[in-house]
Amino acid sequence: MNQVFSRPESLKDVQTHFCPGCQHGTIHRLVAEAMDEFGIRDRTIGIASVGCSVFLYSYFDIDVVEAPHGRAPAVATGAKRARPDKIVFTYQGDGDLAAIGTSEIIHAANRGEAITVIFVNNTTYGMTGGQMAPTTMPGQKTSTSPYGRDIKNDGAPFKMAELLSNLDGVAFSARVAVNSPKNVLQARKMIKTAFQYQVEGKGFSFIEALSTCPTNWGMNPLQANQRLADEMIPYFPLNVFKNSENL
Amino acid sequence: MSEKLFVKGNEAVAMAAIEAGVRCYFGYPITPQSDIPEYLSRELPKNGGTFIQAESEIGAINMVLGASAAGVRAMTSSSGPGISLKQEGISYMAGSELPGVIVDIMRQGPGLGGIDASQADYWQATRGGGHGGYRIIVLAPASVQEMYDLTMLAFDLSDLYRIPAMVLADSVIGQMKESIVANPRPQVELPAKEWAVRGRKAGEPQNVVKSLKLGDGEMEAFHWAMLDRYKVLAENENRWEELLTDDAELIVTAFGSTARISRTAVAMAREAGMKVGLLRPITLFPFPARAYLSLSQRCKRFLDIELSTGQMIDDVRLSVARDADVAFYGRPPGAGSLPTPEEIFEQIRKVYP
Ligand SMILES: Cc1ncc(C[n+]2csc(CCOP(=O)(O)OP(=O)(O)O)c2C)c(N)n1
Ligand code: SF4
């Protein structure tokens with residue numbers, strides 16, 4: 001009998017703390033698969049951010065540095081410049097990357113740091129209880145936008161994958177989702193490509209992964225998955241915005 | 001090796017960092033410390049190191065965090081407003097037990113303040129500066145030679161104790177030129193950085209550099225362990241300078257630039273027949289409490305001089321014998337407020353027993 005499915009080596013055999021229906025776990029798995037594929041686990045340094053993904057080191061079987069909220073791209077810059085032979089990636093939520101950490105991500109990207117950034121957009125601050133994020137959608141109700149996000153008051157959601165693709169320092173930028181088998185396969189391919197950029201020394205790579213937060217959206221997992229397909233994907237289109245080397 | 005060089009204090013810091021083997025420097029321009037990044041942007045790449053002008057002081061300190069976590073010697077430098085921005089990162093480094101050197105060339109504040117010398121960031125430096133309750137090593141040079149020597153010491157102490165170390169000077173010391181001997185890096189036995197992230201090889205433990213401590217009793221244990229480490233630091237690493245204290249009836253005490261001015265005032269007092277000495281702390285954390293206690297067994301009168309309205313005086317009062325008397329003379333930092341030797345001599349005359 002052929003084994004066709006197993007846990008990636010780069011992931012530990014433990015239960016995660018993620019809520020039911022949360023897609024952080026699926027995205028973790030795809031990142032781990034990419035590490036396995038390139039055989040880079042033993043030279044990879046993960047940079048954890050502050051948010052629901054802070055426990056990166058509990059799930060990935062790799063060395064990890066925990067960064068202050070928003071600062072992961074700066075911490076990654078330091079680690080990569082200190083050890084250029086290592087593979088360095090950050091894993092950040094939307095509050096972390098697109099609000100408090102905007103300066104760090106824009107500048108790391110603009111310098112073309114040879115790192116990979118996995119950006120998880122779930123349109124809310126998961127860990128702190130569902131407040132408005134920089135990616136919260138127009139009209140979306142959160143615990144700090146109880147009347148719905150008002151663009152006149154709060155500005156429009158950031159489209160980070162598009163925004164970063166405009167910088168010369170960015171080699172690869174794509175948005176993916178993991179809400180359906182088809183999208184998971186595409187996401188797997190894109191995440192691998194992002195790591196390939198780093199493995200081949202071809203520059204800064206960025207993945208925006210749309211994700212669910214059923215807990216803070218006040219939905220069950222199926223409803224959350226549906227919302228992602230019906231509302232998020234039309235607003236945040238899945239696409240490759242930059243692929244400078246056509247990998 | 002004993003060739004004399006005539007350099008600025010800030011340049012001496014940068015030269016010493018290279019001699020100490022710094023691999024990465026990350027900084028952001030701010031007067032009066034910009035000579036440090038300027039020098040290192042020129043010299044560090046030639047020595048195989050990395051220089052990045054970061055997007056902000058926040059970016060810079062977090063790059064230091066990342067590089068240090070990866071096991072190399074890393075540093076940053078700044079002044080007032082920039083040091084305030086670095087505090088979050090310094091707190092994370094302290095919580096993650098990461099070494100790293102931060103140079104603070106103090107300028108007047110609060111706020112934008114100005115670029116004139118100040119000693120008003122003594123509290124910020126010696127009380128931890130950021131959130132959570134921690135201390136960092138603080139060294140206070142009073143000459144260009146010490147800018148050089150103490151920068152190298154900062155790297156060694158920081159690596160040895162896994163506590164961030166700060167070199168705390170001001171624009172007087174940073175900007176003045178003196179001749180120095182560029183001493184070679186001291187031979188110090190340092191533990192291997194086995195905790196550093198390096199990519200986990202099969203059979204090796206997973207290394208995680210973090211400050212999140214959620215386990216039952218985990219944070220408490222961390223604080224107790226750090227307190228013990230601070231005690232060892234105080235036991236082994238106290239440094240201070242004494243001048244003419246043996247027969248002194250009054251001991252003037254000051255650090256950094258005001259200690260230099262006080263030295264001249266002490267000489268004037270001796271010339272006038274007064275038995276006055278000088279006690280200059282070189283380590284501000286650990287504070288050389290022992291020196292104050294032992295001197296105050298005999299000499300009961302101290303005069304603390306600062307370029308602030310009084311911050312180090314807290315530590316002086318906590319350190320001297322109970323029956324010793326500590327007088328204070330200080331001026332808030334600002335253009336024209338640096339005290340003259342004559343001014344300090346006048347204060348000596350006032351409080352001399
Ligand atoms: C300086 C600072 N401000 C605020 C916080 C509190 N905080 C923790 S996680 C978080 C937001 C996390 O949201 P996001 O980045 O979207 O990640 P998610 O939890 O949704 O995965 C905030 C604001 C903090 N830890 N540090
Ligand atoms: S709060 Fe949201 S983002 Fe966090 S684990 Fe739960 S579902 Fe996932």
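Hydrogens, waters and symmetry mates play no part in the numbers below; they use all other heavy atoms, side chains included. Labels below follow one simple rule: chain letters A, B, ... track the order of the sequence lines, proteins then strands, and each chain is numbered from 1. Here the structure is a predicted model, which is why all the values come from computation and not from measurement.
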Distance alone, cut at 3.5 Å: any donor-acceptor contact between the side chains of E66(A) and S96(B)? no
Can any side-chain N or O of Q206(B) pair as donor or acceptor with the backbone N or O of F60(A) at less than 3.5 Å? yes
Chain B contact via A67(A) - which portion, at a heavy-atom distance below 4.5 Å: backbone
Region of V208(B) in contact with chain A, defined by heavy-atom distances below 4.5 Å: both
Region of S211(B) in contact with chain A, defined by heavy-atom distances below 4.5 Å: both
Proximal component of V88(A), with respect to chain B [non-hydrogen, under 4.5 Å]: neither
With a cut-off of 6.0 Å (strictly less than), are more than 12 heavy atoms of other residues, nucleotides or ligands near CG of D168(A)? no
What closest approach, in Å, do E55(B) and R111(A) show between heavy atoms, and which atom pair accounts for it? OE1-NH1, 3.0 Å
Could you check whether any side-chain heavy atom of S103(A) comes within less than 4.5 Å of a side-chain heavy atom of I58(B), counting everything from C-beta outward? no
Given heavy-atom pairs under 4.5 angstrom as the criterion, report whether the side chain, backbone, both or neither of R23(B) touches chain A. neither
Which answer fits E113(A), side chain, backbone, both or neither, if we ask what part of it has an atom under 4.5 Å from a heavy atom of chain B? side chain
K210(B) (side chain) donor-acceptor with V65(A) (main chain) under 3.5 angstrom: no
Under 4.5 Å heavy-atom distance to chain B, tell me which part of I45(A) shows up: side chain, backbone, both or neither. side chain
So, the part of D61(A) with a heavy atom under 4.5 Å from chain B: the answer is both
Pick one of side chain, backbone, both or neither for A196(B), based on which atoms fall under 4.5 Å of a heavy atom in chain A. backbone
Could you grab the distance from atom OH of Y25(B) to atom CZ of R81(A), nearest 0.5 Å is fine? 14.5 Å
Per-residue contact mode, I52(B) against chain A (heavy atom under 4.5 angstrom): side chain
With a 3.5 Å distance limit and no angle check, can you tell me whether R43(A) reaches the backbone of G199(B) through a side-chain donor-acceptor pair? no
Using non-hydrogen atoms and a 4.5 Å limit, figure out which bit of T44(A) sits close to chain B: side chain, backbone, both or neither. backbone
Any ion pair linking D42(A) and R200(B) (charged N to carboxylate O, less than 4.0 Å)? no
For D63(A), is there any backbone N or O sitting under 3.5 Å from a side-chain donor or acceptor partner on N207(B)? no
At what distance, to the nearest 0.5 angstrom, does OG of S56(B) lie from CZ of R71(A)? 7.0 Å
